[in-house]
Protein chains: 2
Amino acid sequence: MKSAVSEDSNRRQDLLQAAARLFKEKGYEGASIRAISSAVGMRCGSPFYHFENKQAILYAVMEEGLRQGLERTEAAIDASLSAREQFERLVRVHLGILLEEGNDFIPVMLYNWGALDKEHRLKLIETKDRYDRIWADMVARLQAEGELGDDPKIARLLLLGAMNFITTWYKPDAGLSIDGLAQQVVRFYLR
Amino acid sequence: MKSAVSEDSNRRQDLLQAAARLFKEKGYEGASIRAISSAVGMRCGSPFYHFENKQAILYAVMEEGLRQGLERTEAAIDASLSAREQFERLVRVHLGILLEEGNDFIPVMLYNWGALDKEHRLKLIETKDRYDRIWADMVARLQAEGELGDDPKIARLLLLGAMNFITTWYKPDAGLSIDGLAQQVVRFYLR
DNA sequence: CCTACCGATCGGTAGG
DNA sequence: CCTACCGATCGGTAGG
């Protein structure tokens with residue numbers, strides 16, 4: 001008897017992981033189905049047993065990223081924490097989502113959003129909004145303590161933008177840990 | 001008799017502009033030579049009269065961006081300004097380089113750096129470093145007045161990252177001018 | 001999931 | 001800069 005997670009879904013997950021890594025490295029158009037297939041030891045026709053087409057793979061990568069990211073982020077919320085403590089946690093979790101090994105899903109979403117079909121985009125917006133709301137609340141708490149500039153939308157966008165852009169230059173082996181980076185980010189914004 | 005700027009270089013410039021716009025919109029791999037050609041009314045073989053290959057177009061786009069950007073940025077430096085005034089000017093210029101219509105060169109560089117050949121990349125690093133030095137000096141001045149977090153490298157990267165990421169969501173027609181945005185950025189960082 | 005294959009499109013070239 | 005073309009690669013499919 002097979003386990004609850006069937007071998008089929010294992011292979012599907014393998015494809016998703018490989019696709020995420022390659023989409024992040026080379027972009028959606030730059031990563032071919034052949035490259036994704038051979039990264040998991042398949043032939044170039046086989047991914048279409050798991051996904052309808054290449055767009056569906058891109059969509060699944062982003063959906064998986066949002067699912068994982070929202071789960072981790074919501075798990076980091078604790079009403080008993082001070083604003084500063086809560087901020088420290090959210091920053092650390094967000095940087096983990098962006099930079100930890102194997103976490104290529106959200107970077108793919110950030111930098112290949114324009115490659116996704118409009119209909120697929122609409123299906124993700126609701127989840128993205130839940131994300132944004134968490135950060136909007138966080139910014140509101142910090143502003144209530146006089147900690148950030150006064151336009152809440154700009155504050156949120158600049159804050160997240162600064163973190164999101166780290167994806168483009170961060171190298172795991174350059175002597176700067178994600179924990180260290182998270183501390184620096186917090187110290188930069190909350191003095 | 002022809003003018004100093006020959007028609008040849010006009011067509012080359014047209015190609016560069018169209019390539020920058022399409023690379024920004026669709027990414028390097030997503031924008032075909034055919035699309036770039038037809039955007040300027042050429043046939044698909046003609047760009048190779050002006051450029052050796054597609055990589056050379058990408059390189060030329062980035063080089064043009066750096067050239068224009070550095071020129072504007074250096075022109076904005078004025079030793080008689082206060083740190084805050086200097087910061088306001090640099091932010092405005094940087095946002096202009098990123099967001100003004102027709103300024104697609106630097107965004108292409110920021111988001112397609114990985115698509116450029118290693119040898120080409122090396123040839124641009126010197127100019128990029130001049131850019132970074134200007135901002136490093138700016139950050140040092142602000143820190144000397146106690147205005148930013150204390151790690152200079154992180155401060156520079158987060159500051160520029162927050163601005164650079166604006167490229168991914170800014171829409172010129174959404175009621176937020178670049179001037180207004182620049183003011184918000186300054187107010188966010190220097191309270 | 002593989003084999004064998006398809007039409008379309010790609011970057012690039014020769015010759016004018 | 002166009003015409004006409006090339007080999008390579010692409011996403012995707014039928015049949016098993």
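Throughout, protein chains are lettered first and strands after them, A, B, ... in sequence-line order, and every chain is numbered starting at 1.
- Projected onto DNA chain D by closest heavy-atom contact, A:F48 and A:G30 fall at different nucleotides, the more 5' of which corresponds to A:G30.
- Rounded to a whole Å, the OH atom of B:Y49 is 14 Å from the C1' atom of C:dG16.
- The main-chain N or O of B:L176 is found under 3.5 Å from a side-chain atom of B:Y170 such that the two form a donor-acceptor pair.
- A:R43 CZ: 12 or fewer foreign heavy atoms inside a 6.0 Å radius.
- Closest to the side chain of A:I33, from the set D:dG11, D:dC2, C:dC2, is D:dG11.
- Rounded to whole Å, atom P of D:dG15 lies 21 Å from atom CZ of A:R43.
- Nucleotide D:dA14 forms a pair with C:dT3, judged by Watson-Crick or G-U wobble geometry with both contacts under 3.5 Å.
- Checking A:S46 against A:R34, the closest nucleotide of DNA chain C that is more toward the 5' end is the one next to A:S46.
- Atom C1' of nucleotide C:dT13 and atom NE2 of B:H50 are separated by 16 Å, given to the nearest angstrom.
- The distance between atom CD of A:E29 and atom P of C:dT9, rounded to the nearest whole Å, is 13 Å.
- Nucleic acid contact for A:G41: sugar-phosphate only, since backbone atoms but no base atoms lie under 4.0 Å from a heavy atom of the residue.
- Rounding to whole angstrom units, CE of residue A:M42 and C1' of C:dT3 are separated by 16 Å.
- Nucleotide D:dC6 holds its P atom 22 Å from the CG atom of B:N53, rounded to whole Å.
- If you check every strand for non-hydrogen atoms under 4.0 Å, B:S32 touches sugar and phosphate atoms only.
- Note: NZ (A:K54) to C1' (D:dG12) measures 12 Å, nearest angstrom.
- Between the P atom of C:dC1 and the CZ atom of A:R12 lies a distance of 12 Å, rounded to the nearest Å.
- B:R156 CZ: more than 12 foreign heavy atoms inside a 6.0 Å radius.
- Of the possible polar contacts, none joining the B:R141 side chain to the B:F87 backbone as a donor-acceptor pair under 3.5 Å is found.
- Checking A:E64 against A:Q68 by side-chain atom types alone, a donor-acceptor pair falls below 3.5 Å.
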